[in-house]
Number of protein chains: 2
Amino acid sequence: MVSIKDIAKQAGVSISTVSYALNGNPKVTPETSSRILAIAKELNYIPNAAARQLKKQESRIIGAFLTDFTGAFYGDLLQGMKEVLNRKGYDLIVCSGLQSHRLLPERMIDGAIILDSTFSDMELLDFADRGHRLVVLDRELNHPAVNEVLLDNKAGANLAMDYLISMGHKKLYIVMGPSDSFDARQRMIAVRQTLDRHPEVNAVLLEGDFNQGSGEAAARTIIDQYDGPVGAFCLNDEMAIGLHNYAVSQGYRIGEQISVIGFDNIELTRYLQPRLSTIQYSKHRWGAMASEQLLRLIQGEDVDHERIYVTLVEGDSVKRV
Amino acid sequence: MVSIKDIAKQAGVSISTVSYALNGNPKVTPETSSRILAIAKELNYIPNAAARQLKKQESRIIGAFLTDFTGAFYGDLLQGMKEVLNRKGYDLIVCSGLQSHRLLPERMIDGAIILDSTFSDMELLDFADRGHRLVVLDRELNHPAVNEVLLDNKAGANLAMDYLISMGHKKLYIVMGPSDSFDARQRMIAVRQTLDRHPEVNAVLLEGDFNQGSGEAAARTIIDQYDGPVGAFCLNDEMAIGLHNYAVSQGYRIGEQISVIGFDNIELTRYLQPRLSTIQYSKHRWGAMASEQLLRLIQGEDVDHERIYVTLVEGDSVKRV
DNA sequence: TTGTAGGCGTTATCAC
DNA sequence: GTGATAACGCCTACAA
C-alpha cells in the first residue's frame with residue numbers, strides 16, 4: 001500500500017507537507033504542491049479511509065437499515081436518501097440484519113436511518129445516548145439526537161375509510177397488519193376513530209400480515225359471508241392485491257361486488273385490472289427528507305419531527321353502492 | 001468515547017492487558033480478565049472500528065454494488081449473499097452510484113461483489129491490480145483476483161427458443177435487451193445460434209430495454225403485423241409482462257394468439273393470468289455462491305469461475321400451434 | 001502473567 | 001513554507 005510516507009520520500013519533503021498539498025492547504029507553494037500531486041498520481045496513491053476516519057472521527061458514510069431486502073418497496077426510498085447525501089459529500093450504505101447493528105456503535109458510520117424492526121426502541125435510545133444521530137421512519141422515539149420522519153398514516157387511513165363510506169358502503173371489512181408494524185398500528189387507530197364517528201357502518205376486522213397471502217385469506221372470508229356489495233380496506237396494497245386476485249379467481253367482480261382500497265400505491269398495483277384505489281405518497285421524498293433531517297442533526301442543528309403527507313388515488317376498484 | 005485506555009486506568013492495569021482480555025487471550029489470568037470485562041461492560045465500551053481496521057488491515061465488511069436500488073429483483077440475491085457472509089463473521093453493505101466506488105480503493109471493505117454497470121472493466125481491473133478481491137456477476141473479467149459467478153444465459157435462451165420451436169412456432173418475435181447489459185448480449189448470442197440451427201423459423205428482432213414499456217411497444221408491433229399465431233421470446237420477464245398486458249388490453253389472448261416466454265422468473269409473474277412461461281434460476285443461490293467465492297478469494301484460495309444453472313418453467317403462456 | 005513500546009496512515013499543532 | 005512530532009484507538013512482539 002502506498003501512503004503519504006512514500007510520496008514524501010519520493011518528493012524529498014516531509015509527510016506533513018504532503019498532507020497539506022493533498023488537502024489543498026494554501027500554505028504550501030504551488031510548485032511543491034503540483035510536484036507532490038504529480039508523484040501521488042504516479043504512485044496511484046489513494047488515502048486510507050480507516051486512518052482518516054480514526055483521526056477525524058468521522059466517516060462521511062450514512063447507514064440505512066432495513067428489516068429485509070425483499071420487496072420493490074425500498075427502491076425510490078433509498079434513491080431519495082442517496083441523492084441528498086451524495087450532494088452533501090456523504091455516501092449511503094444499506095444494511096440489514098442483526099449483525100449489521102454493530103456498524104453504528106463502532107462508529108463506522110456517522111449516522112443512521114432506521115426502517116428496521118430488528119432494532120428495539122431501547123437499543124436505539126442507547127445509541128442516541130452515546131451521541132449517535134438517528135432518523136427513525138418506523139416508530140416514535142423522543143430523544144434530542146433522534147428525529148422522526150413518519151408517514152401520515154392516520155390521515156391516510158382516514159381518507160381511505162371516508163372514501164369507502166362516502167361511496168355508500170355500510171358493510172366494511174378491514175384487513176389489518178402485523179402488530180409489530182408501527183404503520184399498521186397507526187392506521188388501525190385511525191380506522192377505529194372513523195368507525196366511532198360512523199355507528200351506522202358495520203365493520204368486520206380481519207387479521208393480516210401485510211403479505212399477499214393474508215389478502216387471499218380475507219377474500220375467502222368475505223366470499224363465505226357474501227350477501228351483497230361490500231367494501232374492503234386493506235391496510236397495505238400487497239394484501240389488496242391478494243384479495244383482488246383471489247376474488248377474481250372465484251368469479252367475483254372487484255369494484256362491483258367487492259370494492260377495495262389499499263395503502264402505499266406500490267408499483268405492482270399498475271398491473272391490476274381494474275386499477276386499485278389506494279393511498280399514495282412520495283417514497284422518494286420520504287427518503288430525501290430523512291437524509292436532510294439526519295444531516296441537520298449531525299451539524300448540530302435543532303430539528304422538528306417531520307410528517308410525509310398522503311393523498312387518495314381513485315382507481316376503479318371502488319364503486320358507489 | 002471510552003477506549004481501552006479508560007478501562008486500563010479504571011482497572012489499574014496496562015492497555016495491553018485490557019486488549020488481551022477483550023480478545024480472550026489466555027495469557028491473562030481469569031481474575032484480571034473477568035475484572036476487566038466487567039469494567040468494560042460497565043463503561044459501555046465498544047471497540048472502534050476504524051482503529052481496529054487500521055491496525056489489522058481488514059474491516060470484515062463486504063460491499064455489494066448495484067446499478068440502482070429499484071426493482072424487486074435484488075431481494076433474494078442480497079439475502080443469499082448476506083447469509084453466507086454473516087455465517088463467516090462478515091457484514092454486507094449494499095452500495096450504488098459512482099460516489100460509492102471509493103469504498104473499495106480506500107480499503108473500507110475487504111472485497112466487493114459487482115452487479116453494477118457504472119463500473120467499467122478497466123476500473124475493476126485497476127482495483128484488482130491493487131490487490132482488491134472481486135466477484136463479478138455482470139461481466140467476464142479475467143484476473144487472478146477476480147472471480148466470475150455468471151448466469152448461464154446462453155443455456156437459458158436456448159431453452160426458451162427450443163421450447164417455442166418445439167411447440168411448432170415458425171414465426172417468432174425476439175424482444176431484445178439493452179446493449180450495455182451482459183446478460184442481454186449473452187442471451188442474444190444463443191438466440192442467434194438457435195436461429196441458425198432452424199432456418200425454417202422466421203424471426204423478427206425487436207429493440208428492448210428490459211423495461212415494461214418496451215414490452216408494450218413490442219406488443220404494438222406484433223399486433224400491427226398480426227395474421228395468425230406467433231411466438232415471442234422476451235429477454236426478460238418485465239418486458240414479457242408489458243407485452244402481455246398490452247396484448248390483453250387489445251383483446252388478444254396470450255397462450256393462444258400470442259405465445260410468450262420470458263426470462264428470470266421474477267415474483268411479478270405470479271400475478272399474471274395465464275401464468276408466464278419463463279427461465280428460472282435461484283437468485284438466492286446466486287448471491288450465496290458469489291459470497292462463497294469472494295471469501296475463498298480473500299483467503300487466498302484458487303477458485304474457478306462459477307455458473308448458475310437455469311431451467312425452464314412451463315406456464316400457460318405458450319401453446320402448441 | 002503483565003507491561004513497554006512501536007506502528008497502522010492520517011491530520012494538525014507547533015516550531016523553525 | 002516546511003518539518004518534526006504528537007495524537008486518533010487498537011494490536012502485538014518483546015521485555016520484564
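Letters go in sequence order (proteins before strands), and every chain restarts at 1. Note that the coordinates shown come from a computational prediction; the quantities given were computed from them, not determined experimentally.
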Handout entry: Whole-Å distance separating the CD1 atom of B/I7 from the P atom of C/dT2
Key = 16 Å

Problem - Value in whole Å for how far the P atom of C/dT10 lies from CD of A/E58 - result: 16 Å

Practice task
Test for a donor-acceptor pair under 3.5 Å between the base of D/dA13 and the side chain of B/Y20, counting only N and O atoms.
Solution key: yes

Handout entry: Nucleotide of C/dG9, D/dC8, D/dC14 approaching B/K5 most closely (side-chain heavy atoms)
Key = D/dC8

Completion exercise
Testing D/dG9, D/dC8, C/dC8 for proximity to the side chain of B/S3, the answer is D/dG9

Problem - Rounded distance in Å - CD1 (A/I4) to P (D/dA4) - result: 13 Å

Problem - Separation of atom CD in A/E106 from atom C1' in D/dG9, rounded to whole Å - result: 13 Å

Problem - Touch class at under 4.0 angstrom, heavy-atom based, for B/I36 against every strand present - result: nothing

Exercise for the section: For A/F119 and A/L124, work out which heavy atoms get closest and say how close. Expected result: CD2-CD2, 3.5 Å

Problem - Side-chain N or O of B/N23 closer than 4.0 Å to phosphate OP1/OP2 of D/dC11 - result: yes

Problem - Nearest-neighbour nucleotide for the A/L54 side chain, D/dC11, C/dT2, D/dC8 considered - result: D/dC8

Exercise for the section: Using whole Å, report how far CG of B/N25 lies from P of D/dC10. Expected result: 17 Å

Problem - B/N23 atom CG, over 12 foreign heavy atoms within 6.0 Å - result: yes

Practice task
Would you confirm whether B/R185, through its side chain, and B/S179, through its main-chain N or O, come within 3.5 Å as a donor-acceptor pair?
Solution key: yes

Completion exercise
Separation of C/dA12 atom C1' from A/L22 atom CG, nearest Å, is 14 Å

Handout entry: Below 4.0 Å: OP1/OP2 of D/dG3 and any side-chain N or O of A/S14
Key = yes

Exercise for the section: Rounded to the nearest angstrom, tell me the gap between atom CD1 in B/I46 and atom P in D/dC10. Expected result: 11 Å

Problem - Base of C/dT11 paired with side chain of A/K55 (donor-acceptor, under 3.5 Å) - result: yes

Problem - Short side-chain N/O contact to C/dT2 OP1/OP2 from B/T32, under 4.0 Å - result: yes

Handout entry: Phosphate OP1/OP2 of C/dG9 contacted by B/Q57 side-chain N/O (<4.0 Å)
Key = yes

Problem - Side-chain donor/acceptor of A/T29 to base of D/dG1, under 3.5 Å - result: no

Exercise for the section: For B/A51 and for B/V28, locate the closest nucleotide of DNA chain C by heavy-atom distance; then report the residue assigned to the nucleotide nearer the 5' terminus. Expected result: B/V28

Problem - Donor-acceptor side-chain pairing of A/S181 and A/D183 below 3.5 angstrom - result: no

Exercise for the section: Give me the one residue out of B/V28, B/L37, B/I7 that meets side chain to side chain contact (heavy atoms under 4.5 Å, CB included) with B/V18. Expected result: B/I7

Practice task
Using only heavy-atom distances, decide whether a donor-acceptor pair under 3.5 angstrom links the side-chain of A/S16 to the base of D/dA4.
Solution key: yes

Problem - Over-ring placement of B/K283 relative to B/Y281, 6.0 Å and 45° cut-offs - result: yes

Problem - Length of the CG-C1' vector between B/N48 and C/dC8, whole Å - result: 13 Å

